[in-house]
There are 2 protein chains.
Amino acid sequence: METPDADRDVVEGQQPPSARVPLSRDRILEAALTYIESDGLPGLSMRRLGAVLGVEAMSLYRYVEGREVLLDGVVESMVASMEFDPDVLQEPENGWQDFLQRLAHGIRRVALAHPKAFPLVASRPTEAPWLRPPLRSLRWVEYFLAGLTQEGFSDTAAVRAYRAFTSFLLGHLLLEVTMLGADLGPLDVIEEDDDASTADYPTAHRMRHALRENHAAAEFEEALEELMNRLALIRSES
Amino acid sequence: METPDADRDVVEGQQPPSARVPLSRDRILEAALTYIESDGLPGLSMRRLGAVLGVEAMSLYRYVEGREVLLDGVVESMVASMEFDPDVLQEPENGWQDFLQRLAHGIRRVALAHPKAFPLVASRPTEAPWLRPPLRSLRWVEYFLAGLTQEGFSDTAAVRAYRAFTSFLLGHLLLEVTMLGADLGPLDVIEEDDDASTADYPTAHRMRHALRENHAAAEFEEALEELMNRLALIRSES
DNA sequence: ACCTGAACACCGTTCAAGT
DNA sequence: ACCTGAACACCGTTCAAGT
């Protein structure tokens, strides 16, 4: 197995500083995101990120205050990327179900586009405890609540919907990207002990093929549909 | 603000080695768990963990193969701790709803007992992609599937229930402990910018009080009830 | 058998110095 | 204005050496 990583830093690093694209916060965040996606979060260090950008680690501190802030920035940029998704960002026109479904699919697209980085969206502490992942910004919370209000949700119904919607998304997407990330992960994984491992567990053994099937997309749709029914109840009740 | 941490290592460290409780894998895992719970995961290093146990970091490598394995062990011990919960571990007697509810509550108790460490249960890669958090072990998956089978679930219905059950738990519990962890977190947190922060977001501003309320327990029960209804459908359908 | 000291390679971060 | 070299305190981990 070759190590094609070795010359990646050179690609940018070999040009003299004057000829390089100047550093910027956005360029750093973008590089960090693609680094995480290709090499995993644990491998990301300020020094290696600097190398990718053809610069010493210390230069990064001109643009980001430190590693923690860098990761917060990466999360923020992922969440913000939905703002340019034309399918997501439009007021409700075809009812609140359509509104929420477009939003849910938009977030799912972001998660699937960045399976290795998405767990950060799920687990980094938010600015306030009521800014729940994966919506994490006041901006998106406002968008969510305003949309539902406009569609006839009372204040308490909208807040209940917000809570139900976020836990739904978090559970489904985190599990989906975890399964993806594991598959895309280190390739030296133990290959398919399949039957052997489940030998002592008869029920799991019997269902081992069904357990391995991946119906993530269909499950997501189904559970989303179910959530909509629940929200319809909440809407009419409170 | 004082630093009461300073003498904690001494408490164990001051006794001569001969008088100390001998090191063991379990003792190390337990110390790691309480360390995470009191100081947070980022603060946990092999060196500091050694100090807590009155020992040099290098000694730990006799019992755990490295830091990654240590964290896996902590997760494993949390998941395994449910096996000693008498309310959880008994075959279904009062129907599958009761069976699943006891299991769900048991996992929730573990999560709430270790809010800072539980995110590890959610995000550490499992041994196989179909061993879904927060059930993570073949043991628990077998327990789950066997229980449902015994209660009249077909194989495909049991597997579908397994998927729905795990994403439900993951979403709810991760959000719940994240909110807890944030509150228990560093106390130098910015205190209550309350109204100020939401000023530019009228809907969120209007609902700011409702948004701050914590109904985690009630929401959990409600969503669990809803899940049961969905599983009843799955049971009768497939 | 169990623990340690010294060492290595790697971190995040600061700051005075270079251009 | 922007980047770097050198330095500091801290990591995980290995291994020969101590008791």
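As the structure is a computational prediction, the values presented were derived from the model and not from experiment. Each chain gets a letter, A, B and so on, in the order the sequences are listed, and its residues count up from 1.
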Not counting sequence neighbours, which residues clear side-chain hydrogen bond (donor to acceptor under 3.5 Å, both in side chains) with [X]? List them please.
X	answer
B:Arg67	none
B:Ser123	none
A:Glu68	A:Arg124

Which one, D:dG12, C:dT4, D:dC3, comes nearest to the side chain of A:Val55?
D:dC3
Select one nucleotide: of C:dT4, D:dC3, D:dG12, the one nearest the side-chain heavy atoms of B:Met46.
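Shortest atom-to-atom distance from the side chain points to D:dG12.
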In this structure, how many angstroms lie between the [atom2] atom of [N] and the [atom1] atom of [X], rounded?
X	N	atom1	atom2	result
A:Leu53	D:dC2	CG	P	16 Å
A:Leu60	C:dT14	CG	P	13 Å
B:Arg25	C:dC2	CZ	C1'	18 Å

Who are the side-chain contact (heavy atoms from CB on, under 4.5 Å) partners of [X], not counting sequence neighbours?
X	answer
B:Ser45	B:Arg47, B:Arg48
B:Glu176	B:Arg108, B:Leu112, B:Leu173, B:Ala216
A:Glu213	A:His215, B:Arg163
A:Met207	A:Thr203, A:Leu211, B:Leu145, B:Thr149, B:Asp155, B:Ala158, B:Val159

Which residue, B:Val121, B:Val177, B:Leu33, B:Ile36, forms the side-chain contact (heavy atoms from CB on, under 4.5 Å) with B:His114?
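Answer after filtering B:Val121, B:Val177, B:Leu33, B:Ile36: B:Leu33.
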Going by salt bridge (charged side-chain N to carboxylate O under 4.0 Å, His left out), name the pairs with one or both residues in residues 77-89 of chain A, residues two or more places apart or in two chains.
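For residues 77-89 of chain A, and leaving out neighbouring residues, the salt bridge (charged side-chain N to carboxylate O under 4.0 Å, His left out) pairs sorted by first residue read A:Glu83-A:Arg139, A:Asp85-A:Arg109, A:Asp87-A:Arg109.
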Write out all pairs satisfying salt bridge (charged side-chain N to carboxylate O under 4.0 Å, His left out) with one or both partners inside residues 54-65 of chain A, taking only residues at least two apart or from two chains.
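Every candidate salt bridge (charged side-chain N to carboxylate O under 4.0 Å, His left out) pair involving residues 54-65 of chain A fails, so no pair, neighbours aside, qualifies.
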Below 30° counts as parallel, above 60° as perpendicular, anything between as tilted: where do the rings of A:Trp140 and A:Tyr143 land?
perpendicular
Paired stretches of DNA chain C - 3 or more consecutive Watson-Crick or G-U pairs, each distance under 3.5 Å:
C:4-8 with D:12-16, C:12-16 with D:4-8
Could you write nucleotides 5-10 of chain C as a row of B, S and -, 5' to 3', where a protein heavy atom under 4.0 Å of any base atom gives B, of only sugar-phosphate atoms gives S, and otherwise -?
BBB---
Check DNA chain C against residues 62-72 of chain A and give the residues with a non-hydrogen atom under 4.0 Å, in numerical order.
A:Gly66, A:Arg67
Give a yes/no on whether any side-chain N or O of A:Ser59 is located under 4.0 angstrom from OP1 or OP2 of D:dT4.
yes
